[in-house]
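As C-alpha cells, the structure follows; a few thoughts come after it.
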Amino acid sequence: MVINNEQIINLGMLSPNRPAIDLFNTDLQCELMFNVNDLNVFVQTDEPKLLPEQKIIYEIILHSIAAQQGGFFFLDAPGGTGKTLLIAIILAKIHSHVVLPWHLLRPELQQLYWTQCKIIVWDDCTMAHKYLLEALNRTLKNLRGNNRFFSGALLLSPGDFRQTLPVIPCSTYADEINACLKSSPL
Ligand SMILES: Nc1ncnc2c1ncn2[C@@H]1O[C@H](COP(=O)(O)OP(=O)(O)OP(=O)(O)O)[C@@H](O)[C@H]1O
C-alpha cells in the first residue's frame with residue numbers, strides 16, 4: 001500500500017503483507033505512458049520550425065546523447081525564446097525512438113531507472129537551490145558507482161538567470177545569490 005508513491009511502512013504505519021511487485025509508482029507510470037505515433041507526428045511537424053540557433057543546439061544535444069558522452073548542457077536564454085519548445089522536441093525525438101522496458105516500472109527495479117537513464121532534463125534550474133543539483137550529482141555517482149560528472153548522464157538544464165532566482169523566505173539578496181547555481185562549484 002502506498003501514499004504519494006511511498007510505501008506506508010516507510011512512513012511509520014502498518015502495512016498489509018502483500019508482495020512489493022503489486023506496487024506501482026503512478027508518477028513514473030504516467031511519465032512513461034507516451035504515444036509513440038503522436039510523438040513522431042509532433043517531431044515531424046515541429047522539427048522543421050526550429051530556427052538556426054535552436055537547430056544547432058538540437059543537433060549537438062542529440063549527438064551527445066547518441067554518443068553517450070554525458071555532460072552538463074545549460075541553455076541560458078531570455079524568456080519566450082523557445083527553450084521549452086526545443087526541449088519538448090528533443091524529448092519527443094528520444095522517446096519516439098527509445099521505448100523504455102516496462103519491467104523498469106517494478107518498484108524493486110526502479111533504482112535501475114536511475115542507474116540506466118541517459119538524459120535528465122531539469123527545466124528552470126535557475127530557480128532551484130544549488131544544493132539540489134549538487135545532491136543529484138552525488139546521488140547519481142553513488143548509485144552508479146563512478147565518479148564522473150553526474151555519473152556520465154547528460155544533464156540538460158534550460159533556465160534564465162534574468163527570471164526568478166531561488167526563493168528563500170526571509171532572506172537577503174546575498175542569500176539568494178549564494179543559493180543560486182552560479183555560486184555552485186558545478
Ligand atoms: N522556432 C519556433 N517556431 C515557432 N514558434 C516557436 C519557435 N520557438 C518557440 N516558439 C514559440 O514561442 C513561444 C515561447 O517559447 P517557449 O515557451 O519555448 O520559450 P521559453 O524560452 O521556454 O520561455 P520561458 O523561459 O519563459 O519558459 C511558444 O509558444 C513556442 O511554441
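Numbers here simply count residues along the sequence, with the first being 1. What's counted below: heavy atoms across the whole structure, side chains too, no hydrogens, waters or symmetry copies. Quick caveat, the model's predicted, so the values are computed rather than measured. Whatever order the structure lists them in is the order used to number ligands and atoms, beginning at 1.
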Residues L186, F150; criterion side-chain contact (heavy atoms from CB on, under 4.5 Å); working and verdict:
CA-CA 10 Å; L186 291 177; F150 287 97; 4.1 Å; yes

Can you find a pair of side-chain heavy atoms, one from [X] and one from [Y], that are under 4.5 Å apart?
X    : Y    : result
L133 : C125 : yes
I57  : I60  : no
Q54  : T81  : no

Per-pair distances, ligand 1 N/O vs protein N/O, less than 3.5 Å:
residue, atom, partner, partner atom, Å
ligand 1, 1 (N), K49, O, 2.9
ligand 1, 1 (N), Q54, OE1, 2.9
ligand 1, 8 (N), Q54, NE2, 3.2
ligand 1, 18 (O), T84, N, 3.1
ligand 1, 18 (O), L85, N, 2.9
ligand 1, 19 (O), G82, N, 3.1
ligand 1, 21 (O), G80, N, 3.4
ligand 1, 21 (O), T81, N, 3.2
ligand 1, 21 (O), G82, N, 3.2
ligand 1, 21 (O), K83, N, 3.0
ligand 1, 21 (O), K83, NZ, 2.9
ligand 1, 22 (O), T84, N, 2.9
ligand 1, 22 (O), T84, OG1, 2.5
ligand 1, 23 (O), G80, N, 2.8
ligand 1, 25 (O), K83, NZ, 2.8
ligand 1, 25 (O), Q163, NE2, 3.2

What verdict does the side-chain contact (heavy atoms from CB on, under 4.5 Å) test give for L136 and L155, after you've listed the backbone C-alpha separation in whole Å, the side-chain angles of each residue and the deciding distance to 0.1 Å?
CA-CA 10 Å; L136 176 66; L155 185 75; 4.1 Å; yes

Nearest heavy atoms of S184 and K130, plus distance in Å
CB-CB, 3.8 Å

